[in-house]
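This report refers to the structure that appears directly beneath it.
Both counts, for ligands and for their atoms, begin at 1 and track the order of listing. Note that this is a predicted model, so its numbers are computed, not measured. Atom set for the values below is all heavy atoms of this structure, side chains included, hydrogens, waters and symmetry mates excluded.
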Amino acid sequence: MILKYFSSSLAILFLLTNAELQSAERPPNIVVIMADDLGYGDLSCYGATSLETPNIDRLAHQGQRFTSGYCSASTCTPTRYSFLTGTYAFRKKGTGIAPPNSPALISEGTTTIASLLQSVGYKTAVIGKWHLGLGTQEPDWNGALKPGPLEIGFDRCFLLPTTNDRVPQVYVENHRVLNLDPKDPLWVGKKKPSEDHPTGITHRETLKMDWSHGHNSTIHNGISRIGFYTGGHAARFRDEDLSDKWVEQSIDWIEANRENPFFLFFSSHDLHVPRIVHERFQGSTSLGPRGDAIAELDWCVGELTKTLERLELAENTLVVFCSDNGPVMDDGYKDDAIEKQGSHRPAGPYQGGKYNVYEGGTRTPFITYWPGQISPGESDALVCTIDLAASCAALAGASLPQEACLDSFNLADALLGKKGANGRDHLIQQDNGQGGNYGFRVGNWKLLRHDSKRTKNTSLRLQGRQVNQYQLFNLKTDPSESTNVINENQEIASQMKKQLEALIAAGRSRS
Ligand code: NG6
Ligand code: CA
């Protein structure tokens, strides 16, 4: 017995020593920086000439710049759902744009990129915009806000609960609204709480940025929002300070966790509406608040990379830069996005943008950066934010359960820019929620399937235009999807329709 105990202790000791030996090559820290509503053409490293993004450009020039990098959907909630869970959002009901009082859309205990990394010893945090709901029925704003990120693999969260054009303007730190005074409870709802409650309609002349559509309910900081709220005054933040706060929180968290492998999801709100950047960025570009928000985003990226360098972590950290959906100009506030656009092309050469399944909706900047491990270069491998779960799990040595991350492929080699490494063979793109429209890319072919005929879910340019249920484009010769070649390529279209149907029906695309 004693001998047995002794020998197993020895075995453990041996294992520990081995693990210690390996710690010299500890798995990489992973920092995913997700921009909000940033289009393919919005950065100088992706061809923009109306503004400069030096910090993001540095990642692109010293890392891999992907030309076929995608997010899963052309709105925020489904992309974030798919990124975290590794499963297409169209497989789950209720994953369209989340309202202010949305319950948690990812159930407690679901395997996510965060839980996979946590399971192999990573410290994990999400800092920034959440927009995936909190709570079981609805958020308990004055109590414990759970389930939320901490129930799906994050050790820490510091959040804007939805988007900043939706109420309320408070931070959520772990399970609580930060700085909430119990004597001034926070109420959030869909109906005007009292006759005299000031709104963007009744007090329009007091607004510092006027609304153009929607966004005319409760006013905070001179801006009217989607939805109503009262109370929680001590907890409310200024829009101008969001980015500074998240950078500060991220730096503190990285410093505190530098001894462990860590995973930070830095979820920026730039350049989502309302585009109210810090005073020092206001007017910093010729493009108005939308361009200024890109400048602020670039600053955030610079601060994060400088921190990694200062702490001598850069060579052990994979940074992934991406976006949650393509660009939109007027998204509900009069912020001169269209008036000051000039020759800037937010979606680059692509058609469409936020809310639709043309390339502009989901083909977005996608950069990987890891000094010493990723050689500088450009890649046309087909990669998507949904693949980060399986790929990061592989890099960290976490095993992926068969029943999790059903559409996430391990593309670690492609993401690291290894020669000859392949991206995906196919990718399904969606607009918003379940039962919407699909884009399906296989090689250079792109099939569009508009089931819902929701003209609302098309870009401004396309609004109201009737589209055929199916269209086919050759992205090689026609990247802007302007010539529907379905009649000339009926065999290809029919195969792609069948493949798309089969992938949807199978409930998974990862074997
Ligand atoms: C839409 C909002 C839009 C934006 C979007 C979500 C209106 C009229 N439009 O419903 O302003 O908030 O939802 O954007 O209310 S996302 O990037 O978070 O998906
Ligand atoms: Ca978005």
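The shortest distance between side-chain heavy atoms of His278 and Arg238 falls below 4.5 Å.
Remark: the Gln118 side chain and the Asp155 side chain contain an N/O donor-acceptor pair separated by less than 3.5 Å. For the residue pair His175 and Glu151, a side-chain donor N or O sits within less than 3.5 Å of a side-chain acceptor on the partner. Defined by atom type and a distance below 3.5 Å, a donor-acceptor pair is missing between the side-chain atoms of Thr77 and Thr95. Side-chain atoms of Lys208 and Asn221 include a donor-acceptor pair closer than 3.5 Å. In summary, the side chains of Asn325 and Asp37 do present a donor paired with an acceptor at a separation below 3.5 Å, with no hydrogens or angles considered.
Between Tyr358 and His450, the angle of the ring planes lies from 30° to 60°, which puts this pair in the tilted group.
Summary of contacts: the protein heavy atom closest to atom 5 (C) of ligand 1 is Tyr355 OH, 3.3 Å. In terms of protein heavy atoms, atom 10 (O) of ligand 1 is closest to Arg166 NH2, 3.5 Å. Of the protein's non-hydrogen atoms, the one nearest atom 19 (O) of ligand 1 is Cys76 N, 2.8 Å. Distance from atom 15 (O) of ligand 1 to its nearest protein heavy atom, with residue and atom name: Ile226 CD1, 3.3 Å. The shortest contact between atom 17 (O) of ligand 1 and any protein heavy atom is with Lys354 NZ, 2.9 Å.
In terms of polar-atom proximity, defined here as any N/O pair under 3.5 Å, Asp165 does make such a contact with ligand 1. At under 3.5 Å, a nitrogen or oxygen of Asp37, whether backbone or side chain, sits near a nitrogen or oxygen of ligand 1. Looking at ligand 1, you won't find any N or O of Gly214 less than 3.5 Å from one of its N or O atoms.
Counting the atoms of ligand 1 from 1 in the order shown, those under 4.0 Å from a heavy atom of Thr75 are 19 (O). Close contacts between ligand 1 and His215 involve ligand atoms 7 (C), 9 (N), 11 (O), 15 (O) [criterion: under 4.0 Å to a heavy atom]. With ligand atoms numbered from 1 in the order given, ligand 1 contributes 18 (O) to contacts under 4.0 Å with heavy atoms of His131. Heavy-atom contacts of Asn325 reach the following atoms of ligand 1: 17 (O) (cutoff under 4.0 Å). Listed by atom number, the atoms of ligand 1 under 4.0 Å from Thr163 heavy atoms are 18 (O). Interface atoms of ligand 1 facing His213, defined by a heavy-atom separation under 4.0 Å, are 8 (C). For ligand 1, the atoms closer than 4.0 angstrom to any heavy atom of Asp36 are 17 (O).
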Gln430 and Asn437: side-chain hydrogen bond (donor to acceptor under 3.5 Å, both in side chains), yes or no, with the steps? CA-CA 6 Å; Gln430 66 169 110; Asn437 304 313; over 6 Å; no
Show the numbers, then the answer: is there a side-chain hydrogen bond (donor to acceptor under 3.5 Å, both in side chains) between Glu359 and Tyr70? CA-CA 9 Å; Glu359 289 292 284; Tyr70 290 80; 2.4 Å; yes
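The part of Lys129 lying near ligand 1 is the side chain, judged by heavy-atom distances below 4.0 Å. With a heavy-atom cut-off of 4.0 Å, Tyr333 does not touch ligand 1 at all. When heavy-atom distances to ligand 1 are checked against a 4.0 Å cut-off, Asn432 has no atom that comes that close, whether in backbone or side chain. Proximity of Asp331 to ligand 1, defined as any heavy-atom pair under 4.0 Å, is shared by backbone and side chain alike.
In summary, Ser323 places no N/O/S atom under 3.0 Å from the Ca ion (ligand 2), failing the contact criterion.
Within the 6.0 Å centre-distance limit, the rings of Tyr88 and Phe90 are counted as a close aromatic pair. For Phe158 and Tyr171, the ring centers sit closer than 6.0 Å to each other.
Relative to the ring axis of Tyr229, Arg236 places its NZ or CZ within 45° and under 6.0 Å from the centre.
At distances below 3.5 Å, at least one donor-acceptor pair connects side-chain atoms of Trp211 with backbone N or O atoms of Gly200. Between the side chain of Tyr81 and the backbone N or O of Thr87 there is no donor-acceptor pair closer than 3.5 Å.
When distances from the Ca ion (ligand 2) to the N, O or S atoms of Asp324 are compared, OD2 comes out shortest. Restricting Asp36 to its N, O or S atoms, the one at the least distance from the Ca ion (ligand 2) is OD1. Minimum-distance N/O/S atom of Asp37 relative to the Ca ion (ligand 2): OD1.
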